[in-house]
Each structure stands twice: as structure tokens, then as C-alpha cells.
Undergrad: 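I have a structure I would like to understand better, so I am pasting it below and will then ask my questions one at a time.
As the structure is a prediction and not an experimental result, all values here were calculated from the model.
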Amino acid sequence: MLSLNVERWTLSVERLQTTSSGMNEQQKPRIIIVGAGFGGLEAAKKLACEDVSVTVIDRANYHLFQPLLYQVATAALSPADIAAPIRAILSKCKNMEVILAEVQAVDVDAKKVKTADGIELTYDFLVLATGARHSYFGRDEWERLAPGLKSLEDAIEVRRRLLLAFEYAEKISDEATRKAAMTFVVIGGGPTGVEMAGAIAEIARYTLAKDFRHIDPSQARIILVEGESRLLAAFPEDLSASALKQLVDLGVEVRTGIHATNLTESGLQVGDEFIPCRVKIWAAGNNASFVGKTLGVAVDRIGRVLVNDDLTIPNHPEVQVIGDLANFSHQTGKPLPGVSPVAMQQGRHAARNILVMVRGEKPQRFHYWDKGSMATIGRNKAVADLRFVHLKGLPAWLAWLFVHIIFLVGFRNRVAVLFEWAWAYFSFNKGARLITRNFQAEQRPPT
């Protein structure tokens, strides 16, 4: 009888402890981070193991290192080399939760996040980092003809089109059609466009040079079109000029001060010239995620949320918007660029602000520390603006390699990418030349 009473008392205590633990967990400030890109992931890592409850929501189950997407698109790297599972990155701390879902709207008055599959999650603090997609300036039908580079799916599709173009040219005899198949046009002369054009030139002139019998891939025509008067408009003029020279040395035709129009399956108009080409790649502009418009606050012409100087939105200090979704113009009078260093610094600042607000204090003003910009063009070719020094050619390329290896998430990815780059450098060979099938676009015969 005594034994039974002791057992019942022990069970009651355990239940009480469990209930108490659950209540404590519920009483912790509930933080939702939407988007596990550079900004969202930095915010999550800063809040990991703190006395708060954090939920990270993303429509993909991996964090993507976007600056190297063009290397997947040009077969230099495999998709897994530049992506890491979000759950694995955040698995060490018990206060972290990851949900695979696509957020459709935010109700700031009810403090709820609504997902596409009907889930509603309540928050005390929200960090919105849903990023941006490429903009076609009102001509959305061009996306099918000229994919951009914002996701792994985009990169794999571009890789498929690039490699298929050479395969198609190999088996046709009509010279005009073959020439069009081996003409590649990149639209947009920012870092993505410059890197993409240089990478296509390299894969054509070196990697594929001996792979075919009926065509000479080194004769491929690569054209880079930029509407501004010079490439890399955000870079100093001397680096812009250097990038132009390095691209020309690789055989890239550069057209500046002119716009691409009239995109069709058979080609596109560049100024007064219609260029027949099979592959067109878009790198000309961005539109912020539509989620920002559901906040009910002011947005700019491309959908970025006009945030306060502490990254919060007007009348709702519990909501912070960061990265490509935020228009932060309080420092220079112009919006900060949509690059990973901005998003990462904003993510860490947003997390610090949340911890400050949990203590009942006022959020702090954000200040961006610009460490510089860089863009790679090809083997031993790059430009780097490190604020106090401008690097060109090999020194810039080595600096670019170092920075990108350091900021890759995951030890395995760093080793894999370093190995792939070393192999490609010494052998001129890129091993990820796989043509994947686009099953959704295929018309297969009925069974």
C-alpha cells in the first residue's frame, strides 16, 4: 500500500513538472523568422539557445548560397555543393523549430503568419526575410524565354538549356540554325550578368572544347547586354572598365547603353539588331517578395518595404524586415544594395533588437558597415572594391575565392567546393555537366 502511494506521488510530481515546463515554454517570447536566406539564417543563429522560442519558416528545406548559383548553372558545381539543410544547421539548440511552408500573408494586427497550406502561427516578434525574384519590368511572359538565377531550380534549368544548346548544334547541319544555337545572350550587366557571361565563355572555350566532333564550342558567341552606360554600375569606374576588358579578353561581346526587347523563341532585339539565339538568360532586375505588401505599410516601386532606421515597420516595432525585402535608405539616402553582406548584418541586428525588446528596451538604429564588393569574371579574372584598395585580375580572383569559401555554410560544402575549384583549375574540367529533363514541359506519348 505504501509502495502504491509513493508511486502515485511520484507520478503526480512528474505530471506537475511536465505541466510547469510546458507553461514555461509557452511563456517564452515567440519569434517567427520567415525565410532562411542569408538574413533569416543569421537572425536564427543569433537567437539560437537564447531564452526565446524561435520558429523558422521557409518554402525550401535548405539554405542556399546564392552567389554561387551561376556556377551550378554553368556546371562548375553541383546543387548540393551550395546548399545545406536548415534543420541540420539549427539542430543544436532546443529553442529552434523549422517548418517547411510557403508564407502567403502576415496579419500584423492579429500578430499572425498565414501559410499556403492553411496554417496560422502567432508571434510576439517577427523577422521577415523573404527576399526577391527577378523582375521582367511588366513582361512576365519573358520568364519562360529567359530564366533568371534566384533558386536552385533556376540554375538547373539554365544548365539544362546551355548544355542542350551544344547538343542540338552538334546534330544539325543548317549553318544559320547552328550559329543561333551557339549564341548565348545574357541580359543585365550587374555582378550576376558579368559572372554568368564569363562562366559561359569559359565552359565553351575550355571545358567543352574537345567534347564534340561536328562543332567547335570555342566558336560560341556570348553577348552581354546592359542598359546602363557601363557594366557593374555600382562599382567604381576603374573596376567597371577592368571588368569590360577582362570579358572582352574572354571573347564576350559587350553591348552597353542599350536594351534588349522583343524576346521570342528564336531570338531577341538588341537596339536595331535582331539576334537569333537559342539561350537567353535574365539578370536585369529584381522584384521584392509579394509578402511585404501584405503588411499594410508603404513599399517602393519594386515592392520593398520602407522600414524605419531600426529595421522595424511603422507602428509595429515587433515586426522587422530585412534583406532584399527592405528598403533601408536612412544611411546614404539611397536603398542599400541587395547583397548578402547587407542581409547578414541586418539579420544579426534584428536578432539583437529582439533580445533588447524582450528586456523592455527600445530597438537600436541599424548601421551598415560596407566591407566592399567583388565580382568574378573567369579564371584568374575578377574585380574587387575593398573600399581602400581596388583589386583586378588574379589578386581580386584570389580574394573572391577566399571570401566565398569562408562564407559557405557547412564544412562539407567548403571542402567539396574547394576540391571542385582546384580540380577545374588544374584540369580545365567541370564535372557537373548533367542535362536534367524538364518533365513538366515535356509532351510524352500516352501509355
Side-chain angles (χ1 to χ4, degrees), residues 70 73-75 134-149 154-190 192-209 211-228 231 244 247-248 250-285 433 435 437-438 441-443:
Y70 83 95
T74 53
H134 28 263
S135 169
Y136 291 85
F137 310 111
R139 302 299 299 269
D140 292 344
E141 67 274 15
W142 288 354
E143 184 168 12
R144 180 179 61 84
L145 303 170
L149 275 178
D154 292 337
I156 293 169
E157 175 61 16
V158 169
R159 182 182 69 183
R160 189 181 73 86
R161 295 189 185 195
L162 285 174
L163 297 178
L164 273 178
F166 289 106
E167 296 291 345
Y168 179 69
E170 173 78 353
K171 62 186 180 184
I172 58 176
S173 56
D174 181 73
E175 187 59 32
T177 307
R178 177 182 285 179
K179 186 176 180 181
M182 293 176 60
T183 298
F184 306 90
V185 179
V186 180
I187 304 162
T192 300
V194 166
E195 290 170 348
M196 193 71 207
I200 297 173
E202 284 210 326
I203 194 175
R205 281 153 179 70
Y206 302 115
T207 307
L208 301 178
D211 284 6
F212 295 89
R213 297 294 174 264
H214 303 291
I215 62 170
D216 179 3
S218 67
Q219 297 303 308
R221 186 184 182 196
I222 297 95
I223 303 171
L224 177 60
V225 181
E226 168 54 42
E228 298 290 335
L231 300 178
L244 172 62
L247 281 169
V248 171
L250 274 174
V252 177
E253 299 178 32
V254 179
R255 313 279 183 92
T256 57
I258 200 166
H259 295 279
T261 58
N262 191 28
L263 271 68
T264 66
E265 292 279 4
S266 58
L268 76 166
Q269 193 80 24
V270 177
D272 297 329
E273 178 188 4
F274 184 81
I275 302 176
C277 70
R278 184 179 177 89
V279 177
K280 299 162 282 287
I281 300 165
W282 192 267
R433 302 198 302 275
I435 298 176
R437 296 170 64 183
N438 187 348
E442 287 182 3
Q443 292 184 349

Undergrad: Name all residues meeting the side chain to side chain donor-acceptor pair (under 3.5 Å) criterion together with Asp211; count only those two or more places apart in sequence or in a different chain, and write none if there are none.
TA: Arg433
Undergrad: Is there side-chain contact between Phe166 and Ile435, with heavy atoms separated by less than 4.5 Å?
TA: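 No, every pair of side-chain atoms sits at 4.5 Å or beyond.
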Undergrad: Taking the side chain as every heavy atom from C-beta outward, state whether Glu253 and Val270 have any atom pair closer than 4.5 Å.
TA: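 No, too far: nothing below the 4.5 Å cut-off.
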Undergrad: Looking at Arg144 and Glu265, is any side-chain nitrogen of the basic one under 4.0 Å from a carboxylate oxygen of the acidic one?
TA: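 Result for this pair is yes, salt bridge flagged.
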Undergrad: Starting at CD1 of Ile275, measure out to OG of Ser266 and round the result to the nearest 0.5 Å.
TA: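 Atom-to-atom, Ile275:CD1 and Ser266:OG are 12.0 Å apart.
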Undergrad: Looking at every non-hydrogen atom in both residues, tell me the closest pair between Leu263 and Leu145 and how far apart they are.
TA: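 In terms of heavy atoms, the two residues are closest at O-CD1, 3.3 Å.
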Undergrad: Quick one: are Glu202 and Leu250 in side-chain contact, heavy atoms under 4.5 Å?
TA: yes
Undergrad: So, Trp142 side chain and Asn262 main chain: donor-acceptor pair closer than 3.5 Å or not?
TA: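 Not a single qualifying donor-acceptor pair exists.
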Undergrad: Report yes if the side chains of Ile222 and Leu224 come closer than 4.5 Å at any heavy-atom pair, otherwise no.
TA: no
Undergrad: Do the side chains of Lys171 and Glu167 get close enough for a salt bridge, i.e. N-O under 4.0 angstrom?
TA: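 Looking at Glu167 together with Lys171, the answer is no, because their closest N to O distance does not fall below 4.0 Å.
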Undergrad: What distance do Glu273 atom CD and Ile223 atom CD1 have between them, rounded to the nearest 0.5 Å?
TA: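 It comes to 6.5 Å.
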Undergrad: Kindly state whether the ring of Phe212 and the ring of His214 have centres lying under 6.0 angstrom apart.
TA: no
Undergrad: Please name the pair of heavy atoms, one in Val158 and one in Ile281, separated by the smallest distance, quoted to 0.1 Å.
TA: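 Closest pair (atom of Val158, atom of Ile281, distance): CG1-CD1, 3.8 Å.
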Undergrad: Atom CD of residue position Glu228 - does it have more than 12 heavy atoms of other residues, nucleotides or ligands inside 6.0 Å?
TA: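 Atom CD in Glu228 is not crowded, with 12 or fewer foreign heavy atoms closer than 6.0 Å.
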Undergrad: Taking the side chain as everything from C-beta on, heavy atoms only, tell me whether Glu226 gets closer than 4.5 Å to Val254.
TA: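 No, every pair of side-chain atoms sits at 4.5 Å or beyond.
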Undergrad: Given the rule in the side-chain contact (heavy atoms from CB on, under 4.5 Å) test, do Arg160 and Ile156 qualify, once you have shown the distances and angles that lead to the verdict?
TA: CA-CA 6 Å; Arg160 189 181 73 86; Ile156 293 169; 5.6 Å; no
Undergrad: Determine all donor-acceptor pairs shorter than 3.5 Å in which one atom belongs to a side chain in residues 179-187; sequence neighbours excluded.
TA:
unit_1	atom_1	unit_2	atom_2	d
Thr183	OG1	Lys179	O	2.8

